[in-house]
Amino acid sequence: MSGLKIIVLAKQVPDTRNVGKDAMKADGTVNRGALPAIFNPEDLNALEQALRIKDRVAGSTVTVLTMGPGRAAEVIREGLYRGADNGYLLTDRAFAGSDTLATSYAISKAIEKTGPYDIIVAGRQAIDGDTAQVGPQVAEKLNLPQITYTEEVLEISKKKIKIRRRLERGVEEVSGKLPCVITVNASAPECRPRHAKQTMKFKHAKTVTELQAANEDYITLFENKPYLQIEELSVKDVGADVELLGLSGSPTKVKGIENVVLEAKESRKVENTDAGIEEMIKELIENHTIG
Amino acid sequence: MNSVFVICEIEEGKVADVSLELLTKGRQLANQLKTKLEAVVIGKDLKDIENQIFPYGTDVVYKAEDKRLEHYLTLPYTSIITDLFKETKPEIALLGATSQGRDLGPRVSSKLKSGLTADCTSLEIGPHEDKKAGKTYEQLLYQIRPAFGGNIIATIINPEHRPQMATVREGVMKKEIVDTAYKGEVKNIDVSKSLKDEDFVISIVERHMEKRKVNLTGSQVIIAGGYGMGSPENFNLLYDLAEVLGGEVAASRAAVDAGFADHARQVGQTGVTVRPKIYIACGISGQIQHRAGMENSSMIIAVNTDENAPINQIADYVINGDVAEIIPRMIKAYKKNTK
Ligand SMILES: Cc1cc2nc3c(=O)[nH]c(=O)nc-3n(C[C@H](O)[C@H](O)[C@H](O)COP(=O)(O)OP(=O)(O)OC[C@H]3O[C@@H](n4cnc5c(N)ncnc54)[C@H](O)[C@@H]3O)c2cc1C
Ligand SMILES: Cc1cc2nc3c(=O)[nH]c(=O)nc-3n(C[C@H](O)[C@H](O)[C@H](O)COP(=O)(O)OP(=O)(O)OC[C@H]3O[C@@H](n4cnc5c(N)ncnc54)[C@H](O)[C@@H]3O)c2cc1C
């Protein structure tokens, strides 16, 4: 049996979970620019599921697709180090300001452009936008069925897939056919670490833009080692309609942003003694907070 | 103006709390916009379900009944809802930010190209001026939501596309009956017009749902424990206090991860959002993800050994010390002062 062509959608995100003191501005709000850029956590779970499918179905390939600025090529390299075969960086100024609908349109055009595929694996949710919308919206744009909240791929063949998915209050086993889109939960197994041989092989994988910036001769390099090229795709390359991208293609607009400031409330200190605590409890009973 | 719509979810034969909360919010929005509140329910056996929905001030209940629709499936639900929205053209459409709503919402919005705002914590009506286009909008839905791991709050609007769609988590809005005798109209949807065989390419092989055991969102008194409780045995102190005060026990994620409590008790960004009359946080540091689920409590008491724990900044009462000493003191004081 010939293998499956698996596409992993991975996003580079600011590490919003570890907002340390150095990322705080003087006014107590977060300095977003100071947050390190990381591989979106659930996209690593997604990559692991893709690699497991590749391990199981001989001849399969894993392609990492990311949309973002030039530095997002980092995500693709990380994917290659962990076992992916190749990757595409979808990058263009016209993508700036895209909401999830415009993002999913751009990603779906890129998927169509890069050729036939069997399964698209996304993370459930990105930790910056926090919407969990891109996976299902890509599925809709490609007219494919979707299976969200995947915890484990139980069975897979060229035609069929069976998945255990984790819902708020339970689990479901569902089966369907390929091609389809699946999104993967954080409760799925963690991603395997970098593979030494893959890391050696892809250490110098770069986009043309990166090599140009470093004044390197990419033409000879890519002629000799074509696998080192991380291909960049622009709006034109994928044949997307500019009107449907960026701000103009986004039905939702950000009207305003407020930084969360940790403000101190007037709080009362209660003595940790029988008397101190009794006094507090009496107050709470008197003002009917507790009955 | 066209209607405000709520996509209702069914749980164990009943309309889910989150949907009732959205109906309450939807009624308020509809009043402001001087329009109707409509709802749609999809399922296998929907006999009399409208009677659970009308009291929230619902004017029309659309019912899509079919034996293949017993459990939620993405594609058939999407087909039914998109067809219904193409026909009724709602101004606003709300759904729960549940496993189901977060699977269905993006699919529907992608099909209708309508935009969707995730996990709103507040919904308001307000004006907007687009200076560049020289346009003003009188009554848009302000969809207010945290992003960036809770570090910012964004107000999202959707000026040109309808419906203005948003999801909201359970417990964020309040549920309130408008009138037990409120009567609306029932409209049955002919599902055969929307459903195609391809909609059933994904099928459910097995399902294990846990019954809802704890009712955090409905509880006015919440005693919450964190990693600082130190052990499952110490966690039992919280149940003792909850019993005398008539409340529920909740937990931080670190306490859940440590195995002190069930996930169903987790409060916070990835747990339940609560707004009780009183929230007693014991051995909880008060990270932003935890606060996201409890900071709207009317009163907060923090019990912590660390004088500088972030939770103290939002607490009304701060007790500095060891939980193992303080909770028994609270129980004793309460028993002494009540009969
Ligand atoms: C403060 C703020 C609030 C926002 N609120 C909304 C909103 O309510 N509605 C809305 O439509 N947009 C919103 N956006 C825009 C939205 O964040 C972006 O469109 C974002 O690029 C994609 O959404 P997400 O981060 O939520 O991804 P999610 O939908 O959470 O991502 C799910 C999965 O899709 C894949 N994926 C997502 N983005 C990419 C990518 N660039 N490359 C490769 N794979 C990807 C990954 O596998 C990821 O795990 C908001 C933006 C900001 C700054
Ligand atoms: C994407 C994301 C989502 C998250 N969602 C949630 C969520 O929904 N809910 C949630 O809670 N967290 C969530 N978290 C985790 C959150 O960031 C914190 O890690 C968590 O809330 C910490 O729990 P804690 O306060 O119990 O533990 P800790 O931060 O370890 O705090 C323990 C506290 O106990 C005190 N203490 C220790 N011993 C005693 C004693 N004997 N008596 C009194 N006090 C004592 C300590 O001083 C300390 O303040 C999320 C994180 C991420 C990244």
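To find a chain, count down the sequence lines: A is the first, B the second, and so on, and within it residues start at 1.
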field: Choice from A:Cys180, A:Gly176, A:Gly276 maximising heavy atom contacts with chain B below 4.5 Å
entry: A:Gly176
field: Region of A:Glu279 in contact with chain B, defined by heavy-atom distances below 4.5 Å
entry: neither
field: Leading residue by heavy atom contact count with chain A [cutoff under 4.5 Å; candidates B:Val221, B:Leu116, B:Leu73]
entry: B:Leu116
- prompt: What's the shortest heavy-atom distance between B:Ser110 and A:Leu101, and which atoms?
  reply: CA-CD1, 3.5 Å
query: Where does B:Lys113 contact chain A at under 4.5 Å (heavy atoms): side chain, backbone, both or neither?
result: both
- request: Apply side-chain contact (heavy atoms from CB on, under 4.5 Å) to the pair B:Ile278 and A:Ile290, showing each step before the final yes or no.
  value: CA-CA 8 Å; B:Ile278 182 165; A:Ile290 51 181; 4.0 Å; yes
message: Counting heavy-atom pairs under 4.5 Å with chain B, which one of A:Gly249, A:Ser250, A:Ala126, A:Pro145 comes out on top?
response: A:Pro145
query: Do you know the tightest heavy-atom contact between A:Val171 and B:Met209?
result: O-CE, 3.9 Å
Partner chain B: residue of A:Ala102, A:Gly170, A:Ser175, A:Ser104 with the largest heavy-atom pair count (under 4.5 Å): A:Ser175
query: Is chain A contacted by the side chain of B:Ile326, its backbone, both, or neither, given a heavy-atom distance below 4.5 Å?
result: both
message: Is it the case that over 12 heavy atoms from other parts of the model lie below 6.0 angstrom from the CZ atom of A:Arg93?
response: no
field: Top contributor to chain B contacts, counting heavy-atom pairs under 4.5 Å, from A:Ile285, A:Thr148, A:Asp274, A:Ile257
entry: A:Asp274
query: For A:Ile163, is it the side chain, the backbone, both, or neither that has a heavy atom closer than 4.5 Å to a heavy atom of chain B?
result: neither
- prompt: Where do A:Gln137 and B:Ser109 come nearest, in terms of heavy atoms and distance?
  reply: NE2-OG, 2.9 Å
- prompt: In terms of heavy-atom proximity below 4.5 Å to chain B, should A:Lys282 be classed as side chain, backbone, both, or neither?
  reply: side chain
query: Between B:His263, B:Lys111, B:His161, B:Glu160, which shows the greatest number of heavy-atom pairs under 4.5 Å with chain A?
result: B:Lys111
- request: Carefully, step by step, assess B:Met299 and A:Leu284 under the rule side-chain contact (heavy atoms from CB on, under 4.5 Å).
  value: CA-CA 10 Å; B:Met299 177 164 300; A:Leu284 295 177; 3.2 Å; yes
Option that, when pairs with chain B are counted at under 4.5 Å, heavy atom only, ranks first among A:Arg164, A:Gln125, A:Lys162, A:Arg166: A:Gln125
query: Quick one: what part of A:Glu286 sits under 4.5 Å from any heavy atom of chain B, side chain, backbone, both or neither?
result: neither
query: Checking A:Gln146 side chain against B:Asp103 main chain: does a donor-acceptor pair fall under 3.5 Å?
result: yes
message: side-chain contact (heavy atoms from CB on, under 4.5 Å), that's the test. Do A:Ile281 and B:Lys336 meet it? Break it down for me.
response: CA-CA 10 Å; A:Ile281 294 283; B:Lys336 191 171 149 194; over 6 Å; no
Proximity breakdown for B:Leu245 and chain A, heavy-atom pairs closer than 4.5 Å: side chain
field: B:Ile152 side, atom CD1; A:Glu258 side, atom CD - distance, nearest 0.5 Å
entry: 10.5 Å
message: Let's test your reading of the structure: which of A:Glu271, A:Glu283, A:Arg165 forms the most heavy-atom pairs below 4.5 Å with chain B?
response: A:Glu283
- prompt: Which pair of non-hydrogen atoms, one from B:Ala147 and one from A:Asp128, has the smallest distance, and what is that distance?
  reply: CB-O, 3.7 Å
query: Out of curiosity, A:Glu173 CD to B:His208 NE2, how far, rounded to the nearest 0.5 Å?
result: 6.0 Å
- prompt: Non-hydrogen atoms of chain A under 4.5 Å away: do they reach the side chain of B:Pro328, the backbone, both or neither?
  reply: neither
message: Does any backbone or side-chain atom of A:Arg124 lie under 4.5 Å from a heavy atom of chain B? Answer side chain, backbone, both or neither.
response: side chain
field: Note, B:Asn312 side chain near A:Ser267 side chain (heavy atom, < 4.5 Å)
entry: no
query: So does A:Asn287 have more than 12 non-hydrogen atoms from other groups sitting under 6.0 Å from CG?
result: yes
query: Under a 4.5 Å cut-off applied to non-hydrogen side-chain atoms, are A:Met280 and B:Ile301 in contact?
result: yes
message: At a 4.5 Å cut-off on heavy atoms, which part of B:Ser114 comes close to chain A: side chain, backbone, both, or neither?
response: backbone
message: Using a 4.5 angstrom heavy-atom cutoff, name the option from B:Ser203, B:Ala118, B:Ala264 with the most pairs to chain A.
response: B:Ser203
- line: If you tally heavy-atom pairs under 4.5 Å between each of B:Glu198, B:Lys332, B:Lys277, B:Arg102 and chain A, the highest tally belongs to B:Arg102
4.5 Å side-chain heavy-atom contact, B:Gln269 and A:Asp130: yes
field: Residue pair A:Pro251 / B:Pro159: nearest heavy atoms and the distance that separates them
entry: O-CD, 3.6 Å
- prompt: Measuring heavy-atom distances to chain B, does A:Leu167 have an atom under 4.5 Å in its side chain, in its backbone, in both, or in neither?
  reply: both
- prompt: A:Thr273 versus chain B, heavy atoms under 4.5 Å apart: side chain, backbone, both or neither?
  reply: backbone
query: Considering only heavy atoms, which portion of B:Asp119 lies under 4.5 Å from any heavy atom of chain A: side chain, backbone, both, or neither?
result: side chain
message: Between B:Glu325 and chain A, with a heavy-atom cut-off of 4.5 Å, which part of the residue counts as in contact: side chain, backbone, both or neither?
response: side chain
task: Taking all heavy atoms of B:Val201 and all of A:Lys177, pick out the closest pair and write down the distance.
output: CG1-CE, 3.8 Å
message: To the nearest 0.5 Å, what is the distance between CD1 on B:Ile144 and NZ on A:Lys255?
response: 10.5 Å
- prompt: Hey, what do you get for NZ (A:Lys141) to CZ (B:Arg107), rounding to the nearest 0.5 Å?
  reply: 10.0 Å
- prompt: Of the backbone (N, CA, C, O) and the side chain (C-beta and beyond), which part of A:Leu154 lies under 4.5 Å from a heavy atom of chain B, both, or neither?
  reply: neither
task: Check each atom of B:Gln143 against the heavy atoms of chain A and say whether the ones under 4.5 Å are side chain, backbone, both or neither.
output: neither
query: Where does B:Phe200 contact chain A at under 4.5 Å (heavy atoms): side chain, backbone, both or neither?
result: neither
message: Quick check on B:His71 against chain A: is it the side chain, the backbone, both or neither that has a heavy atom closer than 4.5 Å?
response: neither
field: Verdict with supporting geometry, B:Asn320 and A:Lys269, side-chain contact (heavy atoms from CB on, under 4.5 Å)
entry: CA-CA 8 Å; B:Asn320 189 221; A:Lys269 288 219 182 320; over 6 Å; no
